[in-house]
**Student:** 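Sharing a structure, written as structure tokens. Questions coming.
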Amino acid sequence: ILRKCVHCGFCTATCPTYQLLGDELDGPRGRIYLIKQVLEGKAVTEKTRTHLDRCLTCRSCETTCPSGVKYSHLLDVGRAVVEEKLPRRLSDRLTRALLKTVLPNPALFAPAVAAGRLIKPFLPSSLADKLPPTQPDGRPWPKPAGHSRRMLALAGCVQSSLAPNINAATARVLDRLGIELFEETKAGCCGAVRFHLNDQAAGKNDMRRNIDAWWPHVEAGIEAIVVTASGCGVQVRDYGHLLSDDAKYGEKAAKVSALCRDPSEILADEKNSLLPLLAARPKARGKLAFHSPCTLQHGLKVRGVIEEVLSIAGYELTPVADGHLCCGSAGTYSVLQPELAGRLRENKLAALNAGGPALVATANIGCLTHLQAGSVLPVRHWIELIDEVIE
């Protein structure tokens, strides 16, 4: 990966942190240089860690890079080496330990959310921002209709507590297309939380647990593993790479990655069946701004698909300037780097609001909660809107 980078600097033009800070070491090219120095044996300093920690892992640089540098994979390596060589301060270790213990565990996270809503005025803004209002109960999952086509959904950890209607809405839409969607209760967090908090061993164990939970369904011939949060989708799509050297799980991980689909990819494939459902409904649903998460456009390489579906459903999509830039959510980034995350959110909301939309749609629970905290407009997952149009 290091040799593939020609240090042309195109990546700095689309790096959110470089745009904010103007520091070469807060851009991909500078961080690659720092990682190279670390791997060559140069002493690791707090400055090195600071610049690597500030990276959002948005992968915008990968979209821009003319040489195809897999920067995010290199960053995983660099952060792991830095973590090993330079222990963190106690306060930082405790914060990260709390995040990687509570967030991936719905049994802990759900009651923590409920308690947090009660004491929200007393919480730090970086945490209070993450607590959206309680959602009213949505319509239930469709009853099994005996569809021959079956797909498995990742329930996840955070989304299942904050916005359970997203997966249920996906199930209802797919049911209308003749596809049964179901969840496997033995699966859990996709592994991104622990992995990107530099506990890569624990993150890989989360991945192995999910593979074990899903494998009987894979062998039974499910068509796809549907991941409605694009942040989790990128992680599951990466299982094959991250576990490639695992003798027991390598092949299974590659199969799971190949089955991983964003719901937009499924609707694109089912366009002929979807169009009549949308065409039969009244049009002119008002203006909508779509925020394309970094994990969707740069990670999964899905671009323009959701926008087309929303347009067909009757929404007037408003233009969004600098749509390739991150909103600042980036998993736990908005908790650990609240100042930078807040500035990025302000920029993103200004761009989203410029066209005068009535609401904002997105495709990732992290972006949804992060944007909603600063937005006067409602922020919804796009699949919920399609579900409502069809119904």
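Below, each value reflects all heavy atoms present in this structure, side chains not excepted, and no hydrogens, waters or symmetry copies. For this chain, numbers begin at 1 and follow the sequence in order.
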**Student:** I'd like to know if the side chain of S67 reaches the main chain of V69, judged simply by a donor and an acceptor atom lying under 3.5 Å from each other, with no hydrogens or angles considered.
**Tutor:**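 Answer holds: no.
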
**Student:** Judged by modelled atom types alone, do T64 and T14 share a side-chain donor-acceptor pair under 3.5 Å?
**Tutor:**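 A donor-acceptor contact under 3.5 Å links the two side chains.
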
**Student:** Are the side chain of S329 and the backbone N or O of G366 linked by a donor-acceptor pair below 3.5 Å?
**Tutor:**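 Yes; judged by distance alone, with no hydrogens or angles, the pair exists.
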
**Student:** If we ignore hydrogens and angles and just use 3.5 Å, is the side chain of R172 paired with the main-chain N or O of P140 as donor and acceptor?
**Tutor:** yes

**Student:** Under a 4.5 Å side-chain heavy-atom rule over Ile, Leu, Val, Met, Phe, Trp and Tyr, are L39 and Y33 clustered together?
**Tutor:** no

**Student:** Between R96 and E83, does at least one N-O distance fall below 4.0 Å, as a salt bridge requires?
**Tutor:**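 No salt bridge links R96 with E83.
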
**Student:** Do the side-chain N and O atoms of N165 and E384 include a donor-acceptor pair separated by under 3.5 angstrom?
**Tutor:** yes

**Student:** Can you tell me if S244 uses its side chain to pair, donor with acceptor, with the backbone of H241 under 3.5 Å?
**Tutor:**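 Yes, the answer is positive, given that a donor and an acceptor are paired below the 3.5 Å cut-off.
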
**Student:** Under the 3.5 angstrom rule, does the side chain of E183 hit a backbone N or O of T185 as a donor-acceptor pair?
**Tutor:** no

**Student:** Using a strict threshold of under 4.0 Å (side-chain N to carboxylate O), is an ion pair present between D53 and R88?
**Tutor:**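 Salt bridge between R88 and D53, a charged N being under 4.0 Å from a carboxylate O: yes.
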
**Student:** For the side chain of R345 and the backbone of H370, is there at least one donor-acceptor N/O pair under 3.5 Å apart?
**Tutor:**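 Checking the backbone N and O of H370 against the side chain of R345, a donor-acceptor pair under 3.5 Å is found.
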
**Student:** Run the side-chain donor-acceptor check on residues 305-316: report pairs under 3.5 Å with partners two or more places apart or on a different chain.
**Tutor:**
unit_1: E307; atom_1: OE1; unit_2: G304; atom_2: N; d: 3.3
unit_1: E308; atom_1: OE2; unit_2: K271; atom_2: NZ; d: 2.6
unit_1: S311; atom_1: OG; unit_2: E307; atom_2: O; d: 3.0

**Student:** Does the ring of F182 carry R150 above it, NZ/CZ under 6.0 angstrom from centre and within 45° of its axis?
**Tutor:**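 Verdict for F182: a cation-pi partner in R150.
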
**Student:** Does one side chain, of D262 or S264, offer a donor that lies under 3.5 Å from an acceptor on the other?
**Tutor:**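 S264 and D262 do have a side-chain donor-acceptor pair below 3.5 Å.
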
**Student:** Would I383 end up clustered with V227 when hydrophobic side chains under 4.5 Å apart are linked, directly or stepwise?
**Tutor:**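 Different clusters.
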
**Student:** If only side-chain N and O atoms count, and only distance matters, is there a donor-acceptor pair under 3.5 Å linking H298 with T63?
**Tutor:**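 The criterion, which ignores hydrogens and geometry beyond distance, is satisfied for H298 and T63.
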
**Student:** Tell me, please, which residues at least two apart from R149 pass salt bridge (Lys or Arg N to Asp or Glu O under 4.0 Å).
**Tutor:**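 Partners of R149 by the salt bridge (Lys or Arg N to Asp or Glu O under 4.0 Å) criterion, ordered by chain and then number, come out as E223, E270.
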
**Student:** Do V193 and V113 belong to the same hydrophobic cluster, where Ile, Leu, Val, Met, Phe, Trp and Tyr are linked whenever their side-chain heavy atoms lie under 4.5 Å apart, directly or via other members?
**Tutor:**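 Yes, V193 connects to V113 through the hydrophobic network.
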
**Student:** Judged by modelled atom types alone, do T228 and N167 share a side-chain donor-acceptor pair under 3.5 Å?
**Tutor:**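 Indeed, the side chains of T228 and N167 share at least one donor-acceptor pair under 3.5 Å.
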
